[in-house]
Amino acid sequence: MAALSGVRWLTRALVAAANPGAWRSLSTSVVAQAASRSQAEDVRVEGAFPVTMLPGDGVGPELMHAVKEVFKAASVPVEFQEHHLSEVQNMASEERLEQVLSSMKENKVAIIGKIHTPMEYKGELASYDMRLRRKLDLFANVVHVKSLPGYMTRHNNLDLVIIREQTEGEYSSLEHESARGVIECLKIVTRTKSQRIAKFAFDYATKKGRSKVTAVHKANIMKLGDGLFLQCCEEVAELYPKIKFETMIIDNCCMQLVQNPYQFDVLVMPNLYGNIIDNLAAGLVGGAGVVPGESYSAEYAVFEMGARHPFAQAVGRNIANPTAMLLSASNMLRHLNLEYHSNMIADAVKKVIKVGKVRTSDMGGYATCQDFTEAVIGALSHP
């Protein structure tokens with residue numbers, strides 16, 4: 001059994017490292033670590049994949065409950081190791097952060113809810129969410145914006161991917177008051193990380209059979225910062241002659257996404273622009289409740305909602321839409337090479353939405369979160 005578990009871990013690691021660019025560093029340590037990790041996995045739960053679960057704030061715990069209910073009904077071989085980290089529920093500390101990091105580093109895969117960041121300054125500029133992503137070097141955030149069959153929106157049959165660099169840029173947490181009433185907020189752009197995210201985007205496009213990558217920027221104003229990012233994208237694009245490459249200024253990109261989103265395929269951009277575009281694009285296909293997301297480093301994969309909102313006003317009301325989290329969980333299973341269970345859950349979610357009888361309020365229906373979860377469980381296609 002230990003040998004079999006070792007093969008499973010090796011398979012997961014190699015799948016995660018299939019991208020020879022962004023994930024190259026993982027392959028060098030896979031063989032050396034497989035044997036020792038296989039024995040540890042057998043001790044926890046025989047035959048199950050350990051996954052770190054971080055419910056987060058707002059409706060996160062309710063959405064994670066939906067995931068666990070569906071996984072149980074589908075007999076998914078995953079063992080969730082649940083941790084709690086919250087700045088608004090007095091559950092945030094260095095000790096808790098280290099516990100979460102230790103679990104994520106051990107398991108390599110996690111599913112997380114939104115960790116809400118209070119706007120009040122309490123002596124620390126970097127939120128726990130940002131620190132978590134930096135310590136794991138989760139540099140690439142991927143949001144696949146795709147229309148759901150049977151759910152009509154202003155634009156239908158959309159299928160585009162937004163890739164954002166999320167370890168630097170405007171979210172560097174480097175702010176100070178240089179003079180009374182004068183705040184300097186630094187935007188950090190480096191050649192190394194700009195090249196890395198550009199290569200990730202082109203590797204992703206190649207692997208997924210996509211034909212075009214659009215680099216989104218504001219180099220006409222931020223000539224050095226965004227200029228460097230754009231230059232790096234152009235240099236990387238030359239290495240992929242089969243992938244069409246375009247550039248677009250961020251403000252024009254927002255307008256084009258609303259007017260004609262079909263022109264886009266894969267978009268790559270710095271941190272802040274990606275945060276804005278993720279939410280805008282999610283709105284095109286139904287909102288934050290229906291778009292899954294994921295973040296990658298060389299070693300780790302974290303699955304989450306594509307548009308990160310705690311939806312605090314819905315806490316305890318049983319009205320949250322679990323679609324995005326369930327689809328994200330399905331993507332996680334695919335990452336773990338559990339294709340059968342991944343397809344079973346994704347197909348069940350899409351079937352419920354297509355039939356249209358059970359929809360939450362954000363999709364124009366009256367169903368509760370529990371109603372939707374039970375409908376998905378009922379739609380699971382067991383052999």
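Quick note: numbers below take in every heavy atom, side chains included, and nothing from hydrogens, waters or symmetry partners. A quick note: this is a predicted structure, and the numbers were derived from the prediction, not measured.
- Dense packing is recorded around OH of Tyr262, with more than 12 heavy atoms of other residues, nucleotides or ligands lying under 6.0 Å away.
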Going through the distances and angles, do Leu326 and Val67 end up as a side chain to side chain contact (heavy atoms under 4.5 Å, CB included)? CA-CA 6 Å; Leu326 288 172; Val67 170; 4.0 Å; yes

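- Of the possible polar contacts, one joining the Asn107 side chain to the Ser103 backbone as a donor-acceptor pair under 3.5 Å is found.
- Defined by atom type and a distance below 3.5 Å, a donor-acceptor pair is missing between the side-chain atoms of Gln81 and His83.
- Remark: Asp226 engages Lys187 in a salt bridge, criterion side-chain N to carboxylate O under 4.0 Å.
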Leu336 and Val109: side chain to side chain contact (heavy atoms under 4.5 Å, CB included), yes or no, with the steps? CA-CA 8 Å; Leu336 292 172; Val109 178; 3.8 Å; yes

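- Panel note: side chain Arg133, backbone Gln166; no donor-acceptor pair is recorded below 3.5 Å.
- In Lys135, the NZ atom is not crowded: 12 or fewer heavy atoms of neighbouring residues, nucleotides or ligands sit closer than 6.0 Å.
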Walk me through it: do Arg317 and Glu62 pass the test salt bridge (Lys or Arg N to Asp or Glu O under 4.0 Å)? CA-CA 10 Å; Arg317 297 171 58 192; Glu62 298 173 47; over 6 Å; no

Step by step, work out the side chain to side chain contact (heavy atoms under 4.5 Å, CB included) result for Gln263 and Met248. CA-CA 12 Å; Gln263 65 185 288; Met248 187 172 291; 3.9 Å; yes

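- Put simply, the side chain of His217 never gets that close to the backbone of Thr247: no donor and acceptor are under 3.5 Å apart.
- With values rounded to the nearest 0.5 angstrom, Leu54 atom CG is found 12.0 Å from Lys114 atom NZ.
- At least one donor-acceptor pair under 3.5 Å links the side chain of Arg164 to the backbone N or O of Asn271.
- Interatomic distance, CE of Met269 versus CG of Asn275, reported as 11.0 Å (0.5 Å rounding).
- The backbone N or O of Leu138 sits nowhere less than 3.5 Å from a side-chain atom of Ser295 that would complete a donor-acceptor pair.
- With hydrogens and angles ignored, the 3.5 Å screen pairs a side-chain donor or acceptor of Asn343 with a backbone N or O of Glu339.
- Side-chain contact between Pro77 and Leu338: present, with at least one pair of heavy atoms (C-beta onward) separated by less than 4.5 Å.
- Legend: residues meeting side chain to side chain contact (heavy atoms under 4.5 Å, CB included) with Ile188, ordered by chain and number and at least two apart, are Glu168, Ser172, Leu174, Leu186, Thr190.
- Of the N and O atoms on the side chains of Asn321 and Arg359, not one donor lies less than 3.5 Å from an acceptor on the other residue.
- Grouping Ile, Leu, Val, Met, Phe, Trp and Tyr by side-chain contacts under 4.5 Å, direct or through others, leaves Leu230 on its own.
- How far CD1 of Ile163 is from CD1 of Ile277: 14.0 Å, rounded to the nearest 0.5 Å.
- The side chain to side chain contact (heavy atoms under 4.5 Å, CB included) test applied to Met305 returns Leu63, Ala324, Met325, not counting sequence neighbours.
- The pair Lys105-Glu98 does not meet the salt-bridge criterion, since no charged nitrogen lies less than 4.0 angstrom from a carboxylate oxygen.
- Atom CD1 of Ile183 has more than 12 neighbouring heavy atoms from other residues, nucleotides or ligands inside a 6.0 Å radius.
- Residue pairs meeting the ring-ring contact (aromatic ring centres under 6.0 Å, His included) criterion with at least one member in residues 52-75, sequence neighbours excluded, are Phe71-Phe80.
- Only one option out of Leu267, Ile250, Ile162 pairs with Tyr273 in a side chain to side chain contact (heavy atoms under 4.5 Å, CB included); it is Ile250.
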Verdict with supporting geometry, Val285 and Val291, side chain to side chain contact (heavy atoms under 4.5 Å, CB included): CA-CA 8 Å; Val285 295; Val291 179; 3.6 Å; yes

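- Other residues, nucleotides and ligands contribute over 12 non-hydrogen atoms within 6.0 Å of the CD atom of Glu177.
- A donor-acceptor pair shorter than 3.5 Å cannot be found between the side chains of Ser194 and Glu165.
- In this structure a side-chain-to-backbone donor-acceptor pair under 3.5 Å is missing from His176 to Ser178.
- Side chain to side chain, Asp159 and His144 meet the donor-acceptor criterion of an N or O pair below 3.5 Å.
- No hydrogens or angles considered: a donor-acceptor pair under 3.5 Å links the side chains of Thr368 and Asp371.
- No donor-acceptor contact under 3.5 angstrom links the side chains of Asp137 and Tyr296, judged on distance only.
- If you check the side chains of Ser147 and Asn156, you find no donor sitting under 3.5 Å from an acceptor.
- Taking the centre of each ring, Phe139 and Phe200 come in below the 6.0 Å mark.
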List the steps and the verdict of salt bridge (Lys or Arg N to Asp or Glu O under 4.0 Å) for Lys218 and Asp251. CA-CA 8 Å; Lys218 192 65 177 175; Asp251 36 347; 3.0 Å; yes

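- Counting heavy atoms from C-beta on, the side chains of Glu299 and Lys108 come closer than 4.5 Å.
- Tyr240 and Asp203 are linked by a side-chain donor-acceptor pair at a separation below 3.5 angstrom, with hydrogens and angles left out of the test.
- Partners of Lys193 according to the salt bridge (Lys or Arg N to Asp or Glu O under 4.0 Å) rule, which considers only residues two or more places apart in sequence or in another chain, do not exist here.
- Evaluation of the side-chain hydrogen bond (donor to acceptor under 3.5 Å, both in side chains) test over residues 345-356, restricted to residues two or more places apart or in two chains, returns none.
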